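Just so you know, these numbers use all the heavy atoms, side chains as well, and skip hydrogens, waters and symmetry mates. Note on naming: letters A, B, ... go to the chains in the order of the sequence lines (proteins, then strands), and numbering restarts at 1 for each one. Since this is a predicted model, take the numbers as computed values, not measurements.
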Amino acid sequence: MISCVRGTRDILPDEIHLWHLVERESAAIFSRYGFEELRLPIFEVTELFARGIGDTTDIVEKEMYTFADRNNQSLTLRPEGTASLVRAYIQHQLYKDGGTRKLYYAGPMFRYERPQKGRYRQFYQIGAEVLGPDSPGVEAEVMDMLMLLMERLGIRDTRLWINSIGCPACRPAFLAVLQEREQAAAGRLCADCVRRVAVNPLRVLDCKNPDCQDTINALPSILDCLCAPCRSHHERLKKYLGLLGITYSENPRMVRGLDYYVKTTFEITSGALGAQNSLLGGGRYDGLVEQLGGPPTHGFGFALGLDRFVLALPETVRAGLRPVQDVYLAPLGEAALELAQVVAARLRRAGVAVAQDFQDRSLKSHMRHADRLGVPRVVIIGDTEVQTGQVALKSLITGEQILVPLPELEAVLRPRPAEKE
RNA sequence: GUGGGUAUAGCUCAGUUGGCAGAGCACUGGAUUGUGGCUCCAGGUGUCGUGGGUUCAAAUCCCAUUACCCACCCCA
């Protein structure tokens, strides 16, 4: 038997309804906020991610699925979406359309990691990006949109974390001070941290090793070292969040794993997940468009983990989502089967969802089967019905049974109500 | 990349000191010759993850390996 490869999985019909729910709600709400969807390739030239994400990040250094195609070009299965989106934004000169572009994408991403709860090698993200303005109002608007999305999905027990990691004007000075202080304290830090001091001093702040906490707590906070514009930006964001009634926690130790972020970063965690408790994360990336060859453009966005959203859906939502057919046809015998075939086709054209089983079952078996499918009504077609042109329509809810002339069947079995929205 | 746990029927899981492979659920048929749910009866189902080893005998003990789960790490 051949199984799917490690870190990938099949999403079976029992679960797919949850995915549709999240995808449907996201699309509906994002478009309400003015976002438009675009579809991006699954793979890109490797250089795009190396330059976009940063070639010393874990993602680029050890997690990418990189391969040479038959033309010996180095390609990479996308580990995230922002770099591709920005590439498309530049390639198609979407900035020429005027001020602000709000775009979103959805699809699989690929990272070579050790799988665990909420972490797969092929995982799914929905991401949205605002290109153009640099206002913290944009950031508050996006966070508000996410709050609404989670509210609509019934996802609770979440927490919004915000931080500012500064900009090219203030971060280098902070990093220098931070690195110096970390070096001085290196004797009291874990081995991982000592390594990070040289490579990425910010990551030391994010260490979870209990033995490091006292030392880390004594290190300077980025929020105390922001330049005036960054500080003002951060304060305005907090003010807007207050106006919108959005509760948040400031976490000066939260850093992101991608190099392109500046100023605001944020994350929403869920208590319903395990160690991989981050439902979504994002931030501002003002230099990325320019770095990838476009005009200077501000950017702000996030990506949400679809797999994790599905995991975090409440039990009440998880149950009872399975769609059922409107009616079950129970034919008895060959003549009835022929008639049922025609009736089913007619009903389906009239908008009725028809369940039909082609096994030669006893009526009892048909009834039991229909009951297990959750179908509310059964049409019984046997020899009598074939001869008289009337079929028996039984409600499995009330147990009531009536005779319906075949031509009236469509009218009696109302089409399912049109989908809302 | 590191550590711990797990792997037996379609699903959830028992399986004692090594001695015939089990239960519940699900599925199929019947009790009710054409009427579901509740009840009762009957029935089928296995590469005991894989490959070696020890033994008269291995689901059980040993070694290796793979996958899954959880944590570290990392991130969505």
Side-chain angles (χ1 to χ4, degrees), chain A residues 1-9 12 14 22 53 57-63 78-82 106-128 146 190-193 195-196 200 203 206-210 254-258 265-270 273-283 301-312 328 330-333 336 359-385 391-401:
Chain A
M1 183 184 65
I2 297 175
S3 310
C4 61
V5 309
R6 179 161 207 203
T8 70
R9 60 197 176 127
L12 300 177
D14 273 353
V22 177
I53 299 169
T57 56
D58 276 11
I59 293 175
V60 172
E61 269 189 340
K62 48 191 192 194
E63 294 178 1
R78 61 184 184 189
E80 60 109 38
T82 302
M109 306 292 163
F110 306 85
R111 292 183 201 170
Y112 189 90
E113 296 186 274
R114 185 102 171 236
Q116 67 183 74
K117 187 183 177 76
R119 189 168 80 182
Y120 307 96
R121 289 180 176 179
Q122 173 173 337
F123 61 104
Y124 296 81
Q125 287 189 335
I126 302 177
L146 290 166
C190 68
D192 279 338
C193 280
R195 185 176 49 80
R196 292 184 191 118
N200 190 344
R203 289 230 67 87
D206 209 28
C207 182
K208 275 118 191 159
N209 190 324
M254 179 180 67
V255 297
R256 310 258 80 219
L258 296 84
T265 59
F266 74 107
E267 185 169 326
I268 292 177
T269 57
S270 162
L273 304 176
Q276 309 303 311
N277 65 352
S278 180
L279 274 176
L280 62 92
F302 67 87
L304 68 82
L306 202 37
D307 313 72
R308 293 182 187 176
F309 260 65
V310 168
L311 276 174
Y328 181 96
L332 302 165
Q359 290 182 58
D360 187 22
R361 295 172 179 273
S362 67
L363 181 56
K364 175 205 283 273
S365 171
H366 273 307
M367 296 301 291
R368 182 160 46 212
H369 195 213
D371 185 56
R372 291 197 178 136
L373 289 174
V375 175
R377 286 173 291 196
V378 176
V379 169
I380 300 165
I381 308 175
D383 291 339
T384 324
E385 285 80 3
V391 293
L393 175 63
K394 174 162 183 171
S395 163
L396 291 189
I397 297 161
T398 64
E400 214 176 331
Q401 185 165 324

Under 4.0 Å protein heavy-atom contact, by nucleotide of nucleotides 69-75 of chain B - B base, S sugar-phosphate only: -SBBBBB
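Between the NZ atom of A:Lys394 and the P atom of B:rG36 there is a distance of 7 Å, rounded to whole Å. The CE-C1' distance, from A:Met367 to B:rU35, rounds to 5 Å in whole Å. Spacing between atom CG of A:Leu373 and atom P of B:rA26 amounts to 15 Å, rounded to whole angstrom units. Between the C1' atom of B:rU28 and the NE2 atom of A:His366 lies a distance of 14 Å, rounded to the nearest Å. A straight line from CG of A:Leu393 to C1' of B:rU35 spans 13 Å, rounded to a whole angstrom. One atom, CG of A:Leu311, and another, C1' of B:rA76, lie 12 Å apart when rounded to the nearest Å.
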N/O to N/O distances under 3.5 Å, protein versus nucleotides 31-34 of chain B:
residue, atom, partner, partner atom, Å
B:rG34, O6, A:Thr384, N, 3.3
B:rG34, O6, A:Thr384, OG1, 2.5
B:rG34, N1, A:Glu385, OE1, 3.1
B:rG34, N1, A:Glu385, OE2, 3.3
B:rG34, N2, A:Glu385, OE2, 2.9

Just the table, please: protein N/O against nucleotides 38-46 of chain B N/O, every pair under 3.5 Å.
none

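Applying the ring-ring contact (aromatic ring centres under 6.0 Å, His included) test to A:Tyr124 and every residue at least two apart in sequence or in another chain returns A:Trp19. A:Thr8 is linked by a side chain to side chain donor-acceptor pair (under 3.5 Å) to nothing, counting only residues two or more places apart in sequence or in another chain. Scored by the side chain to side chain donor-acceptor pair (under 3.5 Å) test, A:Thr269 finds A:Trp161 as partners (sequence neighbours excluded). Scanning for side chain to side chain donor-acceptor pair (under 3.5 Å) contacts around A:Ser362 gives an empty result, with sequence neighbours left out. Not counting sequence neighbours, A:Phe309 has no partner by the ring-ring contact (aromatic ring centres under 6.0 Å, His included) test. When the salt bridge (Lys or Arg N to Asp or Glu O under 4.0 Å) test is applied to A:Glu80, no partner is found at least two apart in sequence or on another chain. Partners of A:Thr265 by side chain to side chain donor-acceptor pair (under 3.5 Å), not counting sequence neighbours: none found. With sequence neighbours excluded, no residue forms a salt bridge (Lys or Arg N to Asp or Glu O under 4.0 Å) with A:Arg121.
Contact check for A:His369 versus A:Gln359: no side-chain heavy atoms found under the 4.5 Å cut-off. Within the 4.5 Å cutoff, side-chain heavy atoms of A:Arg6 are placed close to those of A:Arg114.
Using a 4.0 Å heavy-atom distance criterion, A:Arg361 is classed as a sugar-phosphate-only contact. Using a 4.0 Å heavy-atom distance criterion, A:Ala370 is classed as making no nucleic acid contact. A:Leu396 comes within contact range of at least one nucleobase, with a heavy-atom separation under 4.0 Å.
Partner of A:Tyr328 under the side-chain contact (heavy atoms from CB on, under 4.5 Å) criterion, out of A:Val375, A:Ile380, A:Val379: A:Val375 alone.
Remark: side-chain polar atoms of A:Arg377 are not paired, donor with acceptor, to backbone N or O of A:Ile397 under 3.5 angstrom. Formation of a donor-acceptor pair under 3.5 Å by the A:Arg308 side chain with backbone atoms of A:Leu280 is not found in this model.
B:rC61 and B:rA14 have their P atoms separated by 15 Å, given to the nearest Å. Only the C1' atoms considered, B:rA58 is 35 Å distant from B:rG1, to the nearest whole Å. On the C1' atoms, B:rG22 is 14 Å away from B:rU16, given to the nearest whole Å. Nucleotides B:rU35 and B:rA42 place their P atoms 23 Å apart, quoted to the nearest Å. Of the C1' atoms belonging to B:rG19 and B:rC25, the separation is 30 Å, rounded to the nearest Å. Using C1' as the reference atom, B:rC13 and B:rU17 are 23 Å apart when rounded to the nearest Å. Taking atom C1' in both B:rC40 and B:rA71, one finds a spacing of 49 Å when rounded to whole Å. Annotation: B:rG34 and B:rG44 have their P atoms spaced 25 Å apart (nearest Å).
A:Ser3 has no side-chain polar atom (N or O) that falls below the 4.0 Å cut-off from OP1 or OP2 of B:rA67.
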Criterion side chain to side chain contact (heavy atoms under 4.5 Å, CB included) on A:Met367 and A:Asp371, from CA distance to verdict: CA-CA 6 Å; A:Met367 296 301 291; A:Asp371 185 56; over 6 Å; no
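RNA chain B is contacted by both A:Gly305 and A:Gly7; A:Gly7 maps to the nucleotide lying nearer its 5′ end (nearest heavy atom per residue). Along RNA chain B, the nucleotide nearest A:Tyr112 and the nucleotide nearest A:Gly282 are compared for position; the residue whose nucleotide lies closer to the 5' end is A:Tyr112.
Taking CD of A:Glu113 as the reference point, atom CD of A:Glu63 lies at 4.0 Å (rounded to 0.5 Å).
Looking at A:Asp371, its side chain has no donor and acceptor atom pair within 3.5 Å of the base of B:rG37.
Remark: RNA chain B forms stems of 3 or more consecutive Watson-Crick or G-U wobble pairs, all pair distances under 3.5 Å, at B:1-7 with B:66-72, B:10-13 with B:22-25, B:27-31 with B:39-43, B:49-53 with B:61-65.
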